[in-house]
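Read through the structure below, which is laid out as structure tokens, and then see the notes.
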2 protein chains.
Amino acid sequence: MTDPNTRLDEMVGRLKDAGHRLTPQRMAVLSILAQSQEHPSAEQIYERVRIEFPMTSLATVYKTVGLLKEMGELLELGFSDDSNRYDGRLPSPHPHLVCVECRKIIDSGVYALDTWTDEVGLKTGYRILSHRLDFFGICPLCQQRASSPLLDKS
Amino acid sequence: MTDPNTRLDEMVGRLKDAGHRLTPQRMAVLSILAQSQEHPSAEQIYERVRIEFPMTSLATVYKTVGLLKEMGELLELGFSDDSNRYDGRLPSPHPHLVCVECRKIIDSGVYALDTWTDEVGLKTGYRILSHRLDFFGICPLCQQRASSPLLDKS
DNA sequence: GTATCTGCAAATGGTTTGCACGCTA
DNA sequence: TAGCGTGCAAACCATTTGCAGATAC
């Protein structure tokens with residue numbers, strides 16, 4: 001499940017099974033998504049795809065990402081003040097941790113919101129379908145930068 | 001704390017103390033925010049403000065909302081695929097419950113994420129500043145609509 | 001009196017879409 | 001070879017911004 005190649009094969013299989021075609025552009029996008037731990041944006045996926053396959057447009061990245069999202073093979077983390085970020089490794093909802101300085105996003109290491117989900121459903125009468133939990137903070141590297149002001153942010 | 005007039009006075013006082021001017025437009029926006037339980041969008045605030053004070057522009061609503069947000073007097077709930085929603089009654093982060101059908105947003109009725117915040121901070125080394133938790137589901141009214149297909153969504 | 005606020009209209013920027021061409025299966 | 005997928009450029013749309021005139025204090 002954590003091995004990029006296994007995850008890539010899985011995604012490829014699901015696409016094929018659903019009757020979708022496998023173009024080189026799509027393969028390149030899938031491959032990036034299967035490898036990335038760092039929750040890349042569409043733009044970042046685009047840049048990396050172009051390194052190995054320059055014949056790719058940003059629109060195609062968006063279309064592929066949209067397709068995977070619809071199929072439930074990709075978790076989209078939308079931010080109203082920044083571009084969306086994508087998790088292709090673990091597409092079911094789980095808590096994330098966002099650095100407000102450098103916008104690095106990592107998995108939080110805590111899970112299991114199910115108890116709460118049940119409680120909220122019971123209390124409110126809503127049928128709960130999904131959730132989204134983000135923690136915002138300063139990552140260790142940015143904390144270091146803040147205490148050594150001579151270092152550049154770049 | 002729950003009384004709209006008390007909350008309005010509180011917001012007005014904070015604005016004055018910070019040296020900001022009290023225009024009729026601002027008062028109208030503050031008043032809507034102090035009353036609203038339903039987490040209105042900027043557009044919705046604008047529409048309601050115009051009822052009692054037609055000399056108001058959407059830009060002014062956005063500017064007022066931005067000012068209050070900066071002062072920590074307003075909680076902004078951003079959604080990448082929809083307009084932002086605002087909570088002026090309880091501006092500190094707390095879990096919300098979003099109906100994916102009608103986009104109604106209510107408070108979840110559960111709180112206390114502090115234990116998790118500490119755990120995540122310890123595990124990752126991030127200095128946690130804030131969090132955001134949303135549950136997505138179908139509200140009771142929309143569930144009813146779904147089971148009685150003859151009723152219109154309007 | 002003057003710095004702040006307002007309203008208008010134009011700019012912004014990530015994402016989506018329409019369409020003609022190209023390529024997978 | 002039949003459509004699905006791609007690339008380009010234009011459209012979208014909530015939000016922001018610049019600026020000239022208005023107004024709270």
Side-chain angles (χ1 to χ4, degrees), chain A residues 11-33 39-47 49-50 52-71 73-86 98 103 105, chain B residues 11-33 39-47 49-50 52-71 74-86 103 105:
Chain A
M11 295 172 109
V12 168
R14 302 250 163 89
L15 269 190
K16 279 181 144 172
D17 290 350
H20 297 290
R21 294 178 183 174
L22 277 180
T23 64
Q25 291 92 327
R26 268 188 189 165
M27 275 303 287
V29 172
L30 293 188
S31 159
I32 299 292
L33 287 173
H39 310 84
S41 66
E43 192 73 41
Q44 287 167 337
I45 297 168
Y46 174 59
E47 280 160 20
V49 164
R50 297 201 69 148
E52 48 173 290
F53 201 81
M55 299 293 295
T56 310
S57 72
L58 185 54
T60 293
V61 173
Y62 273 110
K63 282 167 186 169
T64 302
V65 152
L67 180 60
L68 292 168
K69 196 186 5 167
E70 256 182 42
M71 298 177 63
E73 290 298 315
L74 187 64
L75 182 66
E76 181 181 69
L77 302 174
F79 298 92
S80 56
D81 57 348
D82 202 355
S83 42
N84 295 347
R85 307 281 289 264
Y86 298 95
V98 181
R103 303 302 290 184
I105 300 181
Chain B
M11 294 172 109
V12 169
R14 302 251 164 91
L15 269 190
K16 279 181 144 172
D17 290 350
H20 297 291
R21 292 179 182 174
L22 276 180
T23 64
Q25 291 94 329
R26 269 190 189 163
M27 275 303 288
V29 172
L30 292 188
S31 159
I32 299 293
L33 287 173
H39 310 84
S41 65
E43 192 73 41
Q44 288 167 337
I45 297 168
Y46 174 59
E47 281 160 18
V49 164
R50 297 200 70 147
E52 48 174 290
F53 199 81
M55 297 294 295
T56 310
S57 72
L58 185 53
T60 294
V61 172
Y62 273 111
K63 283 167 187 167
T64 302
V65 153
L67 180 60
L68 291 168
K69 198 189 356 169
E70 256 182 43
M71 298 177 62
L74 187 65
L75 182 65
E76 182 182 69
L77 302 173
F79 299 93
S80 57
D81 56 348
D82 202 355
S83 41
N84 294 348
R85 307 281 289 265
Y86 298 94
R103 302 304 288 184
I105 300 182

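Chain letters run A, B, ... following the sequence lines, proteins first, then strands; residues in each count from 1. Every heavy atom of this structure was used, including side-chain atoms; hydrogens, water molecules and symmetry mates were not. Because the structure is predicted, anything quoted here is derived from the model rather than measured.
For the helix from dG1(C)-dC25(D) to dA25(C)-dT1(D), the angle separating the two terminal helix axes comes to 40°, with each axis derived from five pairs and the value rounded to 10°.
Heavy atoms of T56(A) sit under 4.0 angstrom from primed sugar atoms or phosphate atoms, though from no base atom. Backbone-only engagement by N84(A) is indicated by non-hydrogen atom pairs under 4.0 Å involving sugar-phosphate atoms exclusively.
Distance, K63(A) NZ to dT17(C) P: 9 Å, rounded to whole Å. When the P atom of dA9(C) is taken as reference, atom OH of Y62(B) falls 17 Å away, rounded to whole Å. Between L22(B) atom CG and dC5(C) atom P there is a gap of 10 Å when expressed in whole angstrom units. Between the CD atom of E70(A) and the C1' atom of dT15(C) there is a distance of 15 Å, given to the nearest Å. With rounding to whole Å, D81(A) atom CG is found 19 Å from dT12(C) atom P. The separation between R50(B) atom CZ and dT6(C) atom P is 14 Å, rounded to whole Å. Distance R85(A) CZ to dG14(C) P: 13 Å, rounded to the nearest Å. To the nearest angstrom, P of dG14(C) lies 14 Å from CD1 of I45(A).
With values rounded to the nearest 0.5 angstrom, S57(B) atom OG is found 7.0 Å from K63(B) atom NZ. If you take CG on L68(B) and CD on E76(B), they are separated by 11.5 Å, rounding to the nearest 0.5 Å. Remark: T56(B) OG1 to R50(B) CZ distance equals 7.0 Å, nearest 0.5 Å. Taken from CD1 in I45(A) to CZ in R85(A), the straight-line distance is 10.0 Å, to the nearest 0.5 Å. Note that CE of M11(B) and CG of L33(B) are 5.0 Å apart. Values are rounded to the nearest 0.5 Å.
Applying the side-chain hydrogen bond (donor to acceptor under 3.5 Å, both in side chains) rule to pairs touching residues 14-23 of chain B yields R14(B)-E73(B), sequence neighbours excluded.
Between dG7(C) and T60(B), a contact under 4.0 Å exists linking OP1 or OP2 to a side-chain N or O.
No donor-acceptor pair under 3.5 Å is formed between the side chain of R103(A) and the backbone N or O of D82(A). With hydrogens and angles disregarded, a donor-acceptor distance shorter than 3.5 Å links the side chain of T64(B) to the backbone of T60(B).
Positionally, the nearest nucleotide of DNA chain C for Q25(B) lies more toward the 5' end than for the other of K16(A) and Q25(B). Comparing A42(B) and M55(A) by the nucleotide of DNA chain D that holds the closest heavy atom to each, the one mapping nearer the 5' end is M55(A).
First and last contacts of DNA chain D with chain A, using any nucleotide atom under 4.0 Å from a protein heavy atom and ordered 5' to 3', fall at dG3(D) to dC8(D).
Counting only heavy atoms from C-beta outward, the side chains of L15(A) and L30(A) approach each other to under 4.5 Å.
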